[in-house]
Each structure stands twice: as C-alpha cells, then as structure tokens.
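Below is one structure; the comments refer to it alone.
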Amino acid sequence: MTAFADLRVYNTLTGRVEKFVPLYGKRVFMFVCGPTVYDYSHIGHGRVFTFFDTVARYLRWAGYSLFYLVNITDVDDKIINRAKEEGMHPLKLARKYESFYYEDMESLNVTSVNLYARASDYLPEIWDQIRVLLEKGHAYETETGVYFDITTFPDYGKLSKQKIEELRVHRIEPDPTKRNPGDFALWRKRPKDEFGWESPWGYGRPGWHIEDTAITIKHFGKQYDIHGGAIELAFPHHEAEIAQAESYTGVKPFVKYWIHIGLLTIKGEKMSKSLGNIIRIRDVVQEYGPEPVRLLLISSFYRSPMDFRWELLDQARSSYQRIKTAYDNLYDLEVNSEVGNAEVELLNKVKDLRDRFFRSLADNFNTPEALANLYELIRLTNAYVSEVGEISEQGKGILLSTFNEMLSVLGIRVERAVDSVMLKSLVQLLLEVRSQLRQRRMYELSDEIRGRLRDLGIELQDTPQGTKWRIIR
RNA sequence: GCCGGGUUGGCCGAGUGGUUUAGGCAGCGGGCUGCAGACCCGUGGACGGGGGUUCGAAUCCCCCACCCGGCUCCA
C-alpha cells in the first residue's frame, strides 16, 4: 500500500494542491460543519457528508487513525422559529430533526463519523473562549452582546481571500452598537422569555461561529488537520472560526487543510426555502434506492459545482446496476482447480487497476477517475466471466476482495438483498418449472413467468450456465 | 463592485503541452439467445468565443461572453 504516501489535497487556505502531511503522524483529526437541525436534510447536505465519508474511508484505508468529528447545531434562530410554529420546545424539535438526519446519513452509508457533538453540550467551553477573547482584547461587550473585533485580527479574510475594506454594503442592517460592521457575535443577549442560558454576560445564546471552535478545541486541541464544509461557509463562518481560535490559543494555523465542496444546485439555482426547490435525501432515496444516490454524488469532482436533475439519477441507477451485476456475476463464477493463463493475465490487470484506483483517490480525491478505474475492472471481469467462465478459488478470492475493497472505500454497497430462504426457494421452484416449459418449447407460458416475475422486481437472465435471477428494485 | 468556482460529445463527467480527449448513461452495428435481458466485441460524436506563445494547446498567457456561489441565515 504505497498509494497513501503521496496523498495530495487542495487547500483553500493556500489555494494550492498540497502534499498531505498530518500534524501528529498517523493520527488525523477531521472536523466537518454539520447540519442545523430545523428541517429534513436535502441532497446538498448529502453531497457534503457523502464526500467526507469517502475521505474518511480513504484515510482509514491508507492506514491513518482518524478521529472524525461533526457538530450538530441545535441552538439557532431557525430552530427557535420553527419550534414556535410547531408549538414545541426548541431542543425537542432539534432532537427530532437530528434523528432524521442520522437516518438519512445511514441510508447513504455515511457511517464513518466518530462523534457527533451538539452545540448545546458545550456552553462551558463557549463561555471560556469568550472570556479569554475579552481578556485578550479581541472581543468587547455592548448592550446587545459580545462581539469579536475583527480589526484585532489582521489575518481576517486570509481563507476566503477577501479584504475587509472591500466587503460591500451589508444585506442586514448592522447592529449600531458594534465597532465595525464586520464584527461577529460571540454571545447574543436575548429576552428571558426566549430559549437561552444565563451567562457571565447576561441571558442569551451563543453566536453561530463559536460553537465550532468550542467543540473542536475541546476534542482536538489548538490545532488540527482537516476542516471541511460547503464552499458557501468559507466566508464568514470559517473565517470567523480562524479568528476566534487563533486569537484564543495564539497558535497558527488553527487548521492545516481546509477542504470545501462545490455547491449543488437545482436547474442552476441554489436550493432554498423561498424558491421551494429543496429536494430531500429521503425522497430521492425512497424513489431510487440509496446506492444510486451516493454513486451520483461522488461521480463528479467534489470542488466543481453540481447541477442536480432527476435524469441524472436515472443514469446513476443504470450505472449502479452495472456495478451490481458485475459483482453478482463474479460472486456466482464457477470455481476450478486449475489456474489458467487467462486468469494470470486477468489478475495482473486487476492489480494494476487497483493501484490506479487508489492513486486517483490520492490525487485530491478524484472520485470520477477512481470510478472509471472501477468500471474498467468491471469490464475486464465481465469479459473473463463470459469468455472463460471459471476461475481458481484463490483467483476468485482476490477478485472479490479487490471489488470489496474499492467499493467499501467509496461506500457503495452491493450486498445481495436476497436473504430470505423462502423467497429463494420459491424463485427456484418457478425457475425449474419454467425450464421444463422451455424444454418443451412452451415459450408463451415461460415468457409469462418471466414477465410476471419482472413486474414483481425479479429479473431473469438465461445464460449458458442456466437461468440467473436478480432483484432489480 | 470585490473575491472564488465553472463553461469538454445527445446527457453526465475526468483530463494542465505531444504517446489514448478516460469512464458512465443513451444511440448504432455485430456476437450470444427460441425471443428478451444481462454480458461481450466494434462504432460515431465534444474541448464557450477571439487573439497570442509553441514544431505542437482542452491544457500556458491576454481579452471577451455566459452561468453559479460568497460579501455576516444557508451544506
């Protein structure tokens, strides 16, 4: 496994593709901005978390010991407003959508996160950071809250390459008590009848940016390796995190590699409530199954914008079917005691493709190129299965484990759904009956069986090795 | 206005100077098949526009056009 040695990643902070060298040897710390749990997750969330799940799987495959942390924003104006509408306590509403979020992630096979951290569990850390920032003169208190003074942090804008002076007129009327319009809230004082906490600076709620540094500094310390999120968060959210953390700890850089995902749009427009064009993860999963959705999300390069259309899911479903069929064909391949020349040749090519697959991932997580290598492997395997039709037990083991290795790093599941003994026996019975009908050339009846089974989602394929069947939905 | 990303065949999507402009979906021809499907083999078809550098440009430089995002809610 040499492929991981030269992992290269694009770092927003430097604007370059860089060699990945973790801060603490083989231990890697990665944090990704998680959801604000006030509604169902949409496919834009799906893209981000599917991608970083793949990153996590790759890092672990490459031998790193990864601590992957995701925050859950459960304190937020949108949650409070939504809770008011539904007549529910804000935290209760947050827990509800948090659990839906986990369901969606599980359906997409996003299973690599070590810890989900809720903002509401980190009030002591938040207060400690605010206190220190005040002591160091980076923050100030007014009658509306505690704010970070961006003029005390000359690096503000270094991530998003923005100059403070050039930031245009703001969309929201700035709080008149702030020193600079760009200063952001660390603590927001709120009326007592609203949801909040009693703090050293009065009753209220934390600012959005401070929760992430509270969580990450608590778990990772003053510096860590990878911070991920959608590109839209780079400014001001991630910029604010840098300002807070580096001012608080005095250590730079807070994060070594910043990785940002391109936005997913619908018909060229950003998904938003007001446009009413939000597509939920659970809806696409319901209609297409989870694997085609995941396959679609990783089939374009993560930094490119991606425009979603339903037609693309149709294409992804066909592609997934190709992967699955190849896996099934290989699984069913007859075992032979001898190792032929064709097998030796095949296994050499497979080894080469495996190397290329992981090299593609090491090249800034080029998942489309990795998939191309996987498809090449599929084509080779299919050709072998149809031309040779048998393989040594050892060869089969190598092929299957190579498939499993690649698919598991990509997070694509191909488990055969058919586990019911009853179902298997019933289909087997029908196949035998149909086989006898075909021998007697009673094709009308045999085709009716095939057609009716297809309607039920079971597809038959007559091959020289007999009739095979698979579940197609 | 400033900053960032993008524009590759019918659709999607890799590719940063020449060996092949990958791969998937869809199409076409053939094989296999009772037929179909699956699979295999073959096949056509693209680098937003204009300049420039070079023996050679999708790739480097300049200009232009268009699309998307950020500029304190947003994954």
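Below, chains carry the letters A, B, ... as their sequence lines are ordered, and counting in each starts from 1.
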Which residues satisfy the side-chain contact (heavy atoms from CB on, under 4.5 Å) test with Ile278(A), sequence neighbours excluded? His42(A), Met271(A), Lys273(A)
If I pick the P atom on G13(B) and the same atom on C71(B), what distance separates them, to the nearest angstrom? 25 Å
Taking ring-ring contact (aromatic ring centres under 6.0 Å, His included) as the definition, give me every residue that meets it alongside Tyr384(A), ordered by chain and number, with sequence neighbours left out. none
With His238(A) via ring-ring contact (aromatic ring centres under 6.0 Å, His included) - residues at least two apart: His227(A), Trp258(A), His260(A)
P atoms of A57(B) and G49(B), separation to the nearest Å: 15 Å
Of C2(B), G24(B), C25(B), the nucleotide closest to the side chain of Tyr375(A) is G24(B)
Positions of residues 299-310 of chain A (non-hydrogen atom under 4.0 Å from RNA chain B), listed by number: Ser299(A), Ser300(A), Phe301(A), Arg303(A), Ser304(A), Pro305(A), Arg309(A)
Among Tyr248(A), Phe29(A), Tyr224(A), find the residue that satisfies the ring-ring contact (aromatic ring centres under 6.0 Å, His included) test when tested with Phe254(A). Tyr224(A)
Residues in side-chain hydrogen bond (donor to acceptor under 3.5 Å, both in side chains) with Arg205(A), at least two apart? Asp77(A), Glu194(A)
Residues forming a ring-ring contact (aromatic ring centres under 6.0 Å, His included) with Phe403(A), sequence neighbours excluded: none
With sequence neighbours excluded, residues passing ring-ring contact (aromatic ring centres under 6.0 Å, His included) with Tyr288(A): none
For a quick check of understanding: with a heavy-atom distance under 4.0 Å over all strands, which category does Leu374(A) fall into, base, sugar-phosphate or nothing? nothing
Heavy atoms only, 4.0 Å cut-off, all strands: where does Thr36(A) land among base, sugar-phosphate and nothing? sugar-phosphate
Does His42(A) reach a base, just sugar-phosphate, or nothing at all? Heavy atoms under 4.0 Å. base
In dot-bracket, 5' to 3', how would RNA chain B read with Watson-Crick or G-U wobble pairs under 3.5 Å, [ ] for crossing ones and | for pairs to another strand? (((((((..(((.....[....))).(((((.......)))))....(((((..]....))))))))))))....
Could I get the full list of salt bridge (charged side-chain N to carboxylate O under 4.0 Å, His left out) partners for Asp104(A), not counting sequence neighbours? Arg282(A)
Please classify the nucleic acid contact of Asp314(A) as base, sugar-phosphate, or nothing, using heavy-atom distances under 4.0 Å. nothing
salt_bridge(Asp6(A), Arg359(A)) N-O dist < 4.0 Å: no
Has Asn366(A) got a side-chain N or O lying under 4.0 Å from the OP1 or OP2 atom of G15(B)? yes
For Thr14(A), enumerate each residue passing the side-chain hydrogen bond (donor to acceptor under 3.5 Å, both in side chains) test, keeping only those at least two apart in sequence or located in another chain. Glu18(A)
Residue set satisfying side-chain contact (heavy atoms from CB on, under 4.5 Å) with Tyr102(A), at least two apart, ordered chain then number -> Ile72(A), Glu98(A), Tyr116(A)
Report each atom pair, protein N/O against N/O of nucleotides 33-39 of chain B, whose distance is under 3.5 angstrom.
from, atom 1, to, atom 2, distance (Å)
G34(B), N7, Arg438(A), NH2, 3.4
G34(B), O6, Arg438(A), NE, 3.1
G34(B), N1, Asp447(A), OD1, 3.2
G34(B), N2, Asp447(A), OD2, 3.0
C35(B), O2, Arg450(A), NH2, 2.7
C35(B), N3, Arg450(A), NH1, 2.9
C35(B), N3, Arg450(A), NH2, 3.3
C35(B), N4, Asp462(A), OD2, 3.1
A36(B), N6, Asp462(A), N, 3.4
A36(B), N6, Asp462(A), O, 3.3
A36(B), N3, Arg450(A), NH1, 2.9
G37(B), O2', Glu459(A), OE1, 3.3
G37(B), N1, Asp462(A), O, 3.2
G37(B), N2, Asp462(A), N, 3.2
C39(B), O3', Asn382(A), ND2, 3.2

